[in-house]
Each structure stands twice: as structure tokens, then as C-alpha cells.
Amino acid sequence: LPAERFFPANLPSALTFDDVSLATLYSEVLPKDTDLSTSLSERLPLQIPIISSDMDTVTESRMAIAMALNGGLGLIHYNLPAKEQIKEVARVKHHVHGLIQDPMTVKPTATIADVLEMIDLRRFDFRTFPVVDEAGKLVGLLPGNVVRERYKALKVAAVMTPRKQLLTVEEKRIANDPIKVADRFFTENIGIHKILVVDAADRLRGLITSSDVERITGEAKSRRKPARDAHFRLVVGAAISPVRTPDGKLDRDRIIAHVGELMQEAVDAVAISTAHGHTAGVGDMVKLIRGEFKDLTIIAGNVTSGEGVEFLARCGADAIKVGQGPGSICTTRIVAGVGIPQLTALHAAGRGAAKKGVRLIADGGITKSGDIVKALTLADTVILGGLLAGCREAPGEIMEISGKLYKQYRGMGSHAAMKAGSAARYGHDKNDAVRKVAAEGIEALKEVSGSVDDVLGALIGGVQSGMGYLGAKNLPELRQKARYIRVTPAGQKEASPHDVIEVATRSGG
Ligand code: XMP
């Protein structure tokens with residue numbers, strides 16, 4: 001059935017991803033020819049419909065850069081001081097493709113034992129480090145072949161290649177087309193695999209590796225287009241929460257000042273991220289920001305009803321996040337007893353979105369590429385948390401437990417995250433976050449999953465495959481053509497590998 005008949009037919013029960021399957025349809029569309037472009041507002045187009053979640057274990061600048069390079073968007077979380085968040089946004093906007101802007105460095109006074117310990121602790125898979133002094137000036141390069149146990153008592157200064165023997169490139173030379181300059185440099189300087197970029201005062205400003213350049217030039221033809229603004233900078237969003245004065249009112253001055261500073265760094269969107277967006281407080285905040293910043297793309301949420309979407313749209317939001325409790329680390333439905341299974345919530349929200357002409361974002365509960373296909377039949381984009389938290393671009397260290405590698409992933413409504421700042425998202429005071437408040441999220445681990453490029457590559461491949469089955473060459477066609485069928489528990493069992501012993505991991509999530 002089409003959505004408008006299928007979802008009402010299932011009332012009053014509510015459905016989520018695994019309850020439903022999509023019918024295949026006659027197709028003349030090859031998956032590789034499908035177009036995944038979408039937008040969050042008239043002013044913010046994206047090449048792929050995927051956003052990384054504004055969670056403190058998912059999105060900081062590294063993740064946001066990787067998302068934008070793949071055509072999507074990262075939302076920088078707000079569990080960090082406002083100044084730091086603004087710096088994270090600036091890092092994305094100033095990102096030069098191929099340039100590592102904060103390379104790991106070592107001091108000339110460190111010993112090789114110190115360097116080995118750092119490599120072990122942080123699990124670096126490289127051993128060559130620029131050497132800089134206290135003032136940030138480049139004094140040498142520590143080559144990987146001397147970073148060995150047998151030299152552990154030696155000082156870095158004794159074994160490094162000194163500054164005068166190093167070839168460097170001045171920052172302004174790579175300003176226009178860094179990859180082209182670097183490509184030529186590596187061809188002309190046989191055997192050199194790293195370019196050290198310095199400023200006029202010889203301070204280290206970045207590092208370009210030949211392997212990155214080869215990857216970028218080699219992939220240039222097949223790579224998805226990055227999501228860029230009108231000035232060719234990568235796009236990025238930032239989450240903000242309804243900060244209040246001690247007497248409980250919205251702190252209008254602080255909110256306006258913060259958004260103003262984000263705008264100065266050319267942020268492309270702000271997300272007013274709360275657990276309950278259909279509230280006077282969130283509405284007032286959207287109105288406040290819309291009143292001050294006419295052209296800014298505003299994302300707001302979360303809601304699970306058409307009325308909630310209409311309300312936030314009336315206040316001035318461009319895109320509305322839908323989802324209460326579907327997330328992999330969420331306990332809202334258990335703790336508060338509220339929330340609607342995600343596909344039904346998206347369908348209900350869709351009625352409000354159609355009336356108001358706003359975009360919908362499916363936020364939470366996505367565990368595989370097939371879920372993204374289903375979500376995109378009812379929404380314009382999806383937000384991923386858990387599927388990206390194991391990537392090396394997510395914040396946090398990798399840890400080893402019983403021979404397996406993991407990264408931390410925690411709900412923004414977990415005690416630990418609320419203590420670090422996100423209590424306002426759940427309508428609580430940060431100082432009460434541990435003693436009095438019921439957490440609505442858990443702290444968890446995700447297995448390390450490789451790079452964002454790899455994870456998105458597999459997910460996008462799955463989405464394109466789904467579109468091919470439905471004969472949809474773009475996302476509007478996917479929405480229009482989708483026909484749903486209810487799946488029984490036996491049907492669900494049949495849908496996963498069964499009656500075999502699995503020896504290789506599945507792709508697509
Ligand atoms: P996934 O399933 O992608 O979900 O891991 C990520 C989304 O979950 C939401 N979120 C929470 N929801 N308690 C909740 O009920 C929490 O502590 C929490 N933290 C994050 C959020 O919408 C995110 O994008």
C-alpha cells in the first residue's frame with residue numbers, strides 16, 4: 001500500500017523499520033545512476049541525505065569534515081564551551097582538502113621511549129612525526145625507522161633529520177590548489193612522502209602525505225561530491241540548547257551572542273536539539289533565532305507528530321528532527337513511557353511537513369542501510385549516531401577489551417553526558433544531572449568500524465540498491481513510489497541470514 005493508506009490501516013498500532021518491507025517495482029534505474037541529493041533548506045543543499053548526530057561521542061570537526069567531504073553534514077555537539085564549539089566550526093570551514101591541520105608532533109627533548117609510549121597509547125598507525133619546539137617552530141622530522149625499542153634511551157633531537165635538511169612548503173603556496181601543488185612536489189622530490197607546511201615565521205601549519213594525495217587524485221573521478229557553501233568551503237552545522245538564566249527564562253543575550261559568533265565563522269545551520277521540541281521553550285528559541293538571523297538554516301526538534309512539525313515550522317524552523325526514543329542508546333521510552341515507533345512517527349510528522357513545506361529529518365534507530373531507504377520514503381534526510389560512533393573520525397580514544405577494539409558511545413541523556421553539559425536538552429539543570437534526574441540514555445561501546453568513507457560507502461551503496469529495486473532515480477521518486485508491506489515475525493526471521501553459520505560480516509550496517 002502507499003503510505004497514506006498503509007499507515008492509517010495499521011492504526012492504532014505503531015510500526016518501525018523492521019516491521020515493514022518495501023515492495024519492488026518495475027525499474028529502468030541502475031543503482032549507480034541514482035541521485036541522492038537533498039536539502040535542509042533552500043539555502044543548504046546536500047549531496048547525500050546523511051547527517052552525523054550532534055552527540056559528544058559522534059561529531060566534532062574531524063567527523064564533520066569527513067561527512068561534508070562525502071556530501072553530507074556534521075552537526076557539532078554542544079557539550080563543550082561555546083568558544084571551543086566555535087573553533088570546531090572554524091576548523092571545518094577552513095579545512096583544506098588533503099592537509100592535516102593539527103598533525104601530531106613531538107618535542108626535541110622527548111625520548112624515543114616517550115614517542116613509543118604515545119604511539120601505543122593512542123594507537124597511531126604511523127611513526128614519522130614533525131618535531132617542533134615550545135614556540136611551535138619546526139626544528140626537524142623524526143623518521144619512522146628510528147622509532148624503535150633499541151633507540152629508546154635516545155633523545156628525539158639526537159636522531160631527527162634537522163630542519164636545514166628538510167624540504168618545506170610555505171602555507172600561501174598551497175592556498176589555491178593544495179592537491180595539485182602537492183602532487184607536483186612529490187613527483188619532483190623522489191622518495192619524499194610528506195610535505196611539511198610552514199608559515200612565514202617557520203611555524204608548522206600542517207602536513208600533507210603522499211598517500212592522501214594519491215587517494216584523493218585517484219578517487220577524484222569516482223568520489224561523491226563534497227557538500228560546499230557558495231564560497232567552496234565545506235558545510236557544517238552546530239547544535240545549540242535552550243540556555244536559561246538563573247530565574248528560568250531563555251537567556252536571549254547569550255543565545256544571540258553564541259549564534260552570532262557561529263555565523264561569523266560561516267556556520268551553515270544551527271540545530272536546536274532537545275528531547276521534546278513541541279514545547280513553548282523550544283518554540284521561543286526558534287522564534288528568537290529566526291528573528292535575528294533571517295538567512296540561517298534552522299533545524300529543530302525532536303517531535304513525533306504532525307502538530308509538532310507545524311508548530312516548529314510556524315516558529316521559523318526549516319528542517320524538523322523526528323524521533324523520540326528510537327536511538328540505539330536511548331531509554332526515553334523505558335524511563336518516561338513515551339515515544340512512537342519511528343516509521344509511524346515519520347508518517348505522522350510528514351503530514352505537518354507537507355502542509356508547511358519544511359524538511360523532515362529521521363533521527364535515531366537506524367542500524368542498517370535498508371533502514372535508511374525506508375526512512376527516506378518519509379523523510380528528506382537521516383541522522384546517524386551509532387552507525388558512525390565506531391569510526392576513527394568520531395571523538396574519543398580507541399580501547400582494547402579482550403583483543404577487540406572499541407570506542408565509547410553514550411546517549412546525550414546519560415548521566416555522564418548530562419553532567420558534561422547536555423542536561424538542558426532533557427529539560428534538566430546540569431547541577432542536578434546526577435543526583436535527582438532519571439537518565440534517558442546509556443553509556444555504551446561500539447566496535448571500531450573503520451573510516452567514515454568506508455562506512456558511508458557501504459550505506460550509500462545499500463540506499464542506491466534500494467532505489468534501483470523501486471525504480472526511483474532520485475529521492476522525490478523514492479518517496480512517491482514507495483509501497484509498504486507489514487512483515488510478520490517469521491518474515492523478519494527470513495529477512496536475515498538464517499540456518500547457516502556466518503563466516504563474513506555483512507555490509508550495509
Ligand atoms: P542512533 O540509533 O543512531 O541514535 O544511535 C542517535 C540519536 O539518538 C538520540 N539520542 C538520545 N535519545 N536518550 C534518548 O532518548 C539519549 O540519551 C540520547 N542521546 C542521543 C539523538 O536524537 C541521536 O541523534
Side-chain angles (χ1 to χ4, degrees), residues 39-41 43-46 50-69 72-95 101 226-231 233-243 250-275 277 282 285-286 288-290 292-302 312 316-321 359 361 363 381 383-385 388 393-395 412 417 420-425 452:
S39 64
L40 282 176
S41 70
R43 307 164 296 284
L44 183 46
L46 298 177
I50 302 185
I51 299 173
S52 65
S53 181
D54 42 11
M55 297 170 73
D56 59 6
T57 46
V58 180
T59 310
E60 288 180 355
S61 53
R62 252 189 102 192
M63 173 63 73
I65 289 168
M67 289 301 297
L69 284 173
L73 178 81
L75 294 174
I76 310 273
H77 70 90
Y78 51 47
N79 261 2
L80 71 185
K83 283 212 159 19
E84 287 301 314
Q85 193 199 36
I86 291 157
K87 260 196 219 156
E88 290 293 298
V89 166
R91 282 201 177 112
V92 183
K93 300 306 292 189
H94 296 157
H95 174 77
Q101 275 171 324
R228 295 191 187 278
D229 66 17
H231 300 283
R233 295 168 299 196
L234 297 179
V235 298
V236 62
I240 48 177
S241 69
V243 209
L250 265 194
D251 194 336
R252 304 172 81 87
D253 295 342
R254 243 173 92 191
I255 294 169
I256 296 296
H258 184 189
V259 178
E261 284 181 79
L262 288 167
M263 294 277 289
Q264 270 177 15
E265 294 300 339
V267 79
D268 297 274
V270 293
I272 299 151
S273 293
T274 67
V282 176
M285 179 132 166
V286 176
L288 173 68
I289 296 171
R290 177 52 75 224
E292 291 287 323
F293 306 99
K294 301 277 180 278
D295 291 331
L296 179 63
T297 295
I298 301 178
I299 300 168
N302 284 23
L312 289 174
D318 298 286
I320 319 288
K321 290 206 239 174
R359 275 68 168 177
I361 307 175
D363 181 11
T381 48
I383 288 186
L384 305 182
L388 296 170
E393 293 88 344
M412 292 296 274
S422 61
R425 183 177 184 135
V452 169

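Small disclaimer: the values here were computed from a predicted structure and weren't measured. Quick note: numbers below take in every heavy atom, side chains included, and nothing from hydrogens, waters or symmetry partners. Numbers for residues simply follow the sequence, beginning at 1.
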Heavy-atom distance under 4.5 Å between the side chains of [X] and [Y], does that happen here?
X	Y	answer
Glu265	Val236	no
Glu88	Leu80	yes
Arg228	Arg233	no
Pro242	Thr274	yes
Val92	Val235	no
Leu73	Ser52	no
Leu75	Ile51	yes

Can you list the steps and then say if Glu84 with Tyr78 is a side chain to side chain contact (heavy atoms under 4.5 Å, CB included)?
CA-CA 9 Å; Glu84 287 301 314; Tyr78 51 47; over 6 Å; no
Measure the [atom1]-[atom2] distance between [X] and [Y] for me, rounded to the nearest 0.5 Å.
X	Y	atom1	atom2	result
Met412	Ser273	CE	OG	8.0 Å
Met285	Arg290	CE	CZ	13.0 Å
Leu44	Asp295	CG	CG	12.5 Å

Would [X] and [Y] count as having a side-chain donor-acceptor pair, cut-off 3.5 Å?
X	Y	answer
His258	Gln85	yes
Thr297	Asp318	no
Arg359	Thr381	no

Only one of Ile240, Ile255, Asn302 forms a side-chain contact (heavy atoms from CB on, under 4.5 Å) with Ile272, so which one is it?
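The option that passes is Ile240.
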With side-chain contact (heavy atoms from CB on, under 4.5 Å) as the test, pick out the partner of Val270 among Ile76, Val286, Leu262.
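When side-chain contact (heavy atoms from CB on, under 4.5 Å) is applied between Val270 and each of Ile76, Val286, Leu262, only Leu262 qualifies.
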Answer yes or no: is there a donor N or O on one side and an acceptor on the other, between the side chain of [X] and the main chain of [Y], under 3.5 Å?
X	Y	answer
Lys93	Val267	no
Arg91	His95	no
Ser241	Val243	no

Could you tell me which non-hydrogen atom of [X] sits nearest to which non-hydrogen atom of [Y], and how far apart they are?
X	Y	value
Met67	Val452	SD-CG1, 4.1 Å
Ser53	Gly385	CB-CA, 3.9 Å
Pro395	Thr59	CD-N, 4.0 Å
Ile298	Gly316	CD1-O, 4.2 Å
Val89	Ala238	CG2-CB, 4.1 Å
Ile86	Glu261	CD1-CB, 3.5 Å

Check side-chain hydrogen bond (donor to acceptor under 3.5 Å, both in side chains) between Arg62 and all other residues, then give those that pass, not counting sequence neighbours.
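Listed in chain order: nothing, the list is empty.
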Which residues share a side-chain hydrogen bond (donor to acceptor under 3.5 Å, both in side chains) with Asn79, sequence neighbours left out:
Asp56
So for atom CZ, which belongs to Arg43, do other residues, nucleotides or ligands contribute more than 12 heavy atoms lying within a distance under 6.0 Å?
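Enclosed.
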Steps toward side chain to side chain contact (heavy atoms under 4.5 Å, CB included) verdict (Leu40, Leu46):
CA-CA 8 Å; Leu40 282 176; Leu46 298 177; 4.2 Å; yes
Under the criterion side chain to side chain contact (heavy atoms under 4.5 Å, CB included), I'd like the reasoning laid out for Met55 against His77: C-alpha separation, chi angles, the key distance, then a yes or no.
CA-CA 5 Å; Met55 297 170 73; His77 70 90; 5.5 Å; no
Stepwise side chain to side chain contact (heavy atoms under 4.5 Å, CB included) check, Leu384 with Ile50
CA-CA 7 Å; Leu384 305 182; Ile50 302 185; 3.7 Å; yes
Would you call Asp54 and Lys321 a salt bridge, taking side-chain N to carboxylate O under 4.0 Å as the test?
yes
